[in-house]
Amino acid sequence: DIQMTQSPSSLSASVGDRVTITCRASQSISRNLNWYQHKPGKAPKLLIYAASSLQSGVPSRFSGSGSGTDFTLTISSLQPDDFTTYFCQQSYNTPWTFGQGTKVEIK
Amino acid sequence: QVQLQESGPGLVKPSETLSLICTVSGDSINSYYWSWIRQPPGKGLEWIGYIYYTGNTNYSPSLKSRVTISLDTSTNQFSLKLSSVTAADTAVYYCARDSGVLFYMDVWGKGTTVTVSS
């Protein structure tokens with residue numbers, strides 16, 4: 001299985017801050033990396049697919065980059081609605097695997 | 001707007017079979033791939049498997065011997081059966097639509113909690 005290592009596991013930030021979350025794969029996954037936002041009790045929401053493609057309806061403050069083994073999710077200006085958990089997922093090989101998640105908290 | 005809703009018993013006894021249904025609304029199940037994913041308490045997400053609308057399946061090797069995913073086009077539902085459950089199968093179970101091609105999961109259900117306990 002491909003292991004996905006996500007960091008940090010949590011971070012504290014303020015509204016307006018630029019936030020970066022990293023996901024590293026145990027082997028090259030080309031650009032087959034997706035990012036999701038997950039609020040407690042709600043359905044996870046796709047933010048970014050194929051490493052850098054913004055899902056329809058997702059605000060442009062979210063962006064993704066990377067290829068091979070190293071990937072980044074950036075929130076350019078953190079908004080109150082963004083304080084929640086984010087996780088990455090590789091779709092290069094089954095079984096699909098996920099990062100452990102990053103909880104973004106209010107500083 | 002496509003919506004997915006998981007349903008099924010919230011409590012299952014050890015050694016029994018966990019059965020869940022995902023109801024798809026706003027789209028036909030006769031396309032895409034349809035996945036099940038779970039998250040045990042305090043742990044990360046684990047992909048269980050998917051079914052293609054043709055009926056072809058792909059299961060996680062760690063669960064393959066106990067998992068069956070099927071679909072019913074007449075009711076626009078797909079289901080998960082996990083046999084011989086133990087406490088380690090206690091989790092929030094999610095269903096999701098898998099796009100195919102790039103295999104990102106673009107629509108998810110809210111999840112349902114299943115506890116394995118006697």
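Because the structure is predicted, anything quoted here is derived from the model rather than measured. Values below: every heavy atom of this structure, side chains too, minus hydrogens, waters and symmetry copies. Every chain is numbered from 1, with letters handed out A, B, ... down the list of sequences.
- Heavy atoms only, all atoms of each residue included: S91(A) and L102(B) are closest at OG-O, 2.9 Å.
- The aromatic rings of W47(B) and W96(A) sit tilted, their planes meeting at an angle between 30° and 60°.
- For a residue to count as touching a neighbouring chain, one of its non-hydrogen atoms must lie under 4.5 Å from one of that chain's; by this rule Y50(B) touches chain A with the side chain only.
- Shown here is R24(A), whose CZ atom has no more than 12 heavy atoms of other residues, nucleotides or ligands within 6.0 Å.
- A heavy-atom distance below 4.5 Å is not found between the side chains of P95(A) and S62(B).
- When all heavy atoms are compared, the tightest approach of G109(B) to P44(A) is O-CD, 3.8 Å.
- Transitive grouping of hydrophobic side chains (ILVMFWY, heavy atoms separated by less than 4.5 Å) brings V92(B) and M105(B) into a common cluster.
- The structure places OG1 of T94(A) at 8.5 Å from CZ of F103(B), a figure rounded to the nearest 0.5 Å.
- Interface remark: F87(A) contributes side-chain atoms only to the contact with chain B (heavy atom separation under 4.5 Å).
- Follow the hydrophobic side-chain contacts under 4.5 Å out from V107(B) and you reach L71(B) in the same cluster.
- Taken to the nearest 0.5 Å, the OH atom of Y104(B) stands 6.0 Å off from the CD atom of Q55(A).
- Hydrophobic clustering keeps Y49(A) apart from W35(A) (ILVMFWY residues linked when any side-chain heavy atoms are closer than 4.5 Å, directly or through intermediates).
- Annotation for K43(B): atom NZ does not count as buried by contact number, only 12 or fewer foreign heavy atoms lying within 6.0 Å.
- Hydrophobic clustering, with ILVMFWY side chains joined whenever heavy atoms are under 4.5 angstrom apart, groups M4(A) together with L11(A).
- Note that OG of S99(B) is 8.5 Å distant from CG of L46(A), once rounded to the nearest 0.5 Å.
- Here H38(A) is the residue among H38(A), K45(A), Q6(A) with the most heavy-atom pairs under 4.5 Å with chain B.
- Counting heavy-atom pairs under 4.5 Å between each of L4(B), L45(B), D106(B) and chain A puts L45(B) at the top.
- The two residues Y94(B) and K42(A) come nearest to each other via the heavy atoms CE2-O, 4.5 Å.
- Neither I37(B) nor V2(B) shares a network with the other; the hydrophobic side chains, linked directly or stepwise wherever heavy atoms of I, L, V, M, F, W or Y lie under 4.5 Å apart, form separate groups for each.
- Looking only at heavy-atom pairs under 4.5 Å with chain A, the residue among K110(B), E46(B), Q39(B) that has the most is K110(B).
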